[in-house]
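The next block holds one structure in the form of structure tokens; read it before the comments.
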Amino acid sequence: MTDLEKANKYQEENRTDKSEKPVFHVTPPTGWMNDPNGFSIFQGKVHLFYQYHPYGDVWGPMHWGHCVSDDFVKWEELPAALAPDTDYDAAGCFSGSAIETEGAHALVYTGVMEKERADKTKETIQQQCLAIGDGFSYHKVTENPVILAEQLPDGFSREDFRDPKVWKENETYYLVAGNKNEKQDGQVVLFASEDLKTWRYLSVLADNRGKYGKMWECPDFFPLGGKHILIVSPQDMQADGAEFHNGNQSAALIGEYDRKNYHLQEEQVVSLDYGTDFYAPQTLETKDGRRIMIAWMQSWDMNIKPAEQKWNGMMTIPRQLQYKNNVLYQQPVKELESYRTEPVVYWDREISGTCRLPGIRGRVLDLTVELLDGDYQEFSIFLAKNERYHTSFRYIRAAQTIEFDRTRCGMVRDVVCQRSMKIKRTEETLKLRFLMDKYSVELFVNDGAQTFTSTFYTPADAEDIEFACDKKAVVNIEKYTVSLDENGREGDQLEKI
Ligand code: FRU
């Protein structure tokens, strides 16, 4: 039996029951998951691969797990696509991307290997590799690795050279990968190819200049709203005021692409998320021109989950990105709306003191609260609540901040539980859209001008929602249950992708 067959047999025999999983967020069938990989459209279907270690609930030898969807919301688990089973990827099939070619689905990933130096010490080498498939099974090409670490200019790290993201412009394929320069600072290197097998080095597309963390992981590069956006996930990043609090943080560098010098002239750098659990996002473009991003809804330093849970790791809801008026907006994919049932709406509702509202409860919800008016200074929302547990968001009007607190979500580890987010775009009203699943909340502030993503593994019977206000607030509330049962669905979304 090959290593891949072994992994897939293990997956089949240990598949977690649906009832133990979130309703509409991707998780591994069993074991560990980190970064999204190969997020792409192939033959009309959305494919998502991910860093996968089926055999345990912690990071281990990296495989590529695989699932597929017609609409970004309902996913079917497929057999794993890659296992670390060759000389050049024996230490792991690390992150990468995918692209549809004529009739085939090409995966470009990082092969990690360990080599012995002359003095018997070990050296890690990361190189880029190619696997070709039909949307179900994939084979590694004989030319691998297709980009050798030696192809990098002198002084660039051969040990930190990973996470290729590939795209095509006219007849040429391009690829960006994360790397480190002589000073150990992060940078993104750019390569080009005509056939995905022979690649030439072009440039450093962007570099860190000592500003944004160390190694830059998981780059992605695309045009949006008249600009070019480079997404990177820097390691070891220090907080800067209200920004970049996660240590391993994801950021977007926004600017103009100088195609002559293959260089991004960066004009603005923004945090992609303000919560505790968001990393390594990757995007794709749909046939109708939407740029959709998905991220690992977890963080390297806080792998918190109940000990008895056999799977570890979730993805965010896929989010549509838009760049307008100098703001990078993120909104849940519109396909999610087909799965909303049981609407409950309150218009111009006065809230003072503490209250619950009939119909506003549950753990798998799309809930929008719009603060319209009133003399309040503080307005709080308690989610996943019962007498013992809750997770809260508190809006402090004068300071224009939102304070998150999951201290009482059932946590049994001393991890970060509180985080503040400064609201950047002040509007007449404040619109808070909470997308909740059993173990997570994704908050979209003011139509996604800022987002806040966090996990909580609170027992399922904590399903109350409570509002609290120091004086009087006038609010609109709109709540839907999200259900993937057939009767919760209005028609097929296939055509829209
Ligand atoms: C990011 C990352 C990538 C790497 C992968 C390994 O979370 O460190 O740079 O390819 O995870 O699993």
Side-chain angles (χ1 to χ4, degrees), residues 7 26 28 31-39 48-66 80-84 88-98 107-114 124-131 145 147 149 157-166 175-180 184-189 208 212-220 230-237 246-251 272-273 276-283 293-303 312-316 453 455:
V26 171
W32 166 272
M33 175 180 88
N34 56 286
D35 315 355
N37 295 157
F39 188 41
L48 176 70
F49 303 80
Y50 47 85
Q51 290 286 279
Y52 183 33
H53 178 228
Y55 304 113
D57 61 0
V58 290
W59 191 88
M62 280 292 114
H63 297 60
W64 272 38
H66 188 190
L82 301 175
Y88 53 81
D89 63 16
C93 299
F94 275 20
S95 285
S97 54
L107 313 183
V108 187
Y109 71 98
T110 300
V112 185
M113 65 192 284
E114 285 190 340
T124 300
I125 300 185
Q126 301 192 332
Q127 312 188 92
Q128 314 321 321
C129 304
L130 177 67
I147 308 183
S157 171
R158 280 131 170 80
E159 187 176 341
D160 287 300
F161 174 34
R162 59 179 176 270
D163 312 335
K165 173 70 199 268
V166 65
L175 165 163
V176 280
N179 188 224
K180 266 196 213 161
Q184 299 299 301
D185 277 338
Q187 59 182 4
V188 168
V189 286
N208 186 328
Y212 306 107
K214 289 291 176 191
M215 172 64 186
W216 278 4
E217 300 188 306
C218 302
D220 196 344
L230 175 66
I231 287 180
V232 287
S233 292
Q235 291 181 315
D236 308 316
M237 192 156 176
N246 282 7
N248 292 338
Q249 174 79 43
S250 299
L272 273 172
D273 197 89
T276 51
D277 298 283
F278 182 98
Y279 196 61
Q282 191 173 82
T283 73
M293 177 181 77
I294 191 165
W296 181 35
M297 190 157 60
Q298 181 80 275
S299 70
W300 279 114
D301 299 317
M302 289 187 285
N303 289 304
N312 192 357
M314 298 182 269
M315 295 293 171
T316 63
T453 303
T455 59

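Note that ligands are numbered from 1 as they come in the structure, with each ligand's atoms numbered from 1 the same way.
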For ligand 1, which atoms have a heavy atom of Met62 less than 4.0 angstrom away?
12 (O)
For the residue pair Ser250 and Pro234, what are the closest heavy atoms and their distance?
CA-CD, 4.4 Å
Min heavy-atom dist Trp296 to ligand 1 below 4.0 Å:
no
Do you know which two heavy atoms are closest between Trp59 and Trp300, and how far apart they sit?
CD1-CH2, 3.5 Å
Considering only the protein, which heavy-atom contact is closest to atom 10 (O) of ligand 1, and what is its distance?
Asp163 OD1, 2.6 Å
Indicate yes or no: at least one non-hydrogen side-chain atom of His53 is less than 4.5 angstrom from one of Met62.
yes
Looking only at protein heavy atoms, which one is nearest to atom 2 (C) of ligand 1, and what is the separation?
Asp35 OD2, 3.3 Å
Donor-acceptor pairs under 3.5 angstrom involving side-chain atoms of residues 212-219: please list them, not counting sequence neighbours.
residue	atom	partner	partner atom	Å
Trp216	NE1	Tyr212	O	2.9
Glu217	OE1	Tyr279	OH	2.6
Glu217	OE2	Arg162	NE	3.3
Glu217	OE2	Arg162	NH2	2.7
Glu217	OE2	Gln235	NE2	3.1

Within 4.0 Å of some non-hydrogen atom of Tyr279, the atoms of ligand 1 are 1 (C), 7 (O)
Location of contacts on Asn248 toward ligand 1, heavy atoms closer than 4.0 Å
neither
For the residue pair Tyr55 and His63, categorise the inter-ring angle as parallel (less than 30°), tilted (30 to 60°) or perpendicular (more than 60°).
perpendicular
How many angstroms lie between NZ in Lys180 and CD in Gln187, if you round to the nearest 0.5 Å?
11.0 Å
Those atoms of ligand 1 less than 4.0 Å from some heavy atom in Ser95
5 (C), 10 (O)
Among all protein heavy atoms, pick out the one at the shortest distance from atom 12 (O) of ligand 1; state its residue, atom name and that distance to 0.1 Å.
Gln51 OE1, 2.7 Å
Compute the shortest N/O to N/O distance between Trp59 and ligand 1 and return yes if it is under 3.5 Å, no if not.
yes
Set of salt bridge (charged side-chain N to carboxylate O under 4.0 Å, His left out) partners for Asp35, sequence neighbours left out
none
Suppose we measure from atom 8 (O) of ligand 1 to each protein heavy atom; which comes out shortest, and what is that distance?
Glu217 OE2, 2.7 Å
Quick one: does Thr110 get within less than 4.0 Å of ligand 1, heavy atoms only?
no
Does the side chain of Phe161 come within less than 4.5 Å of Gln128's, by heavy atoms?
yes
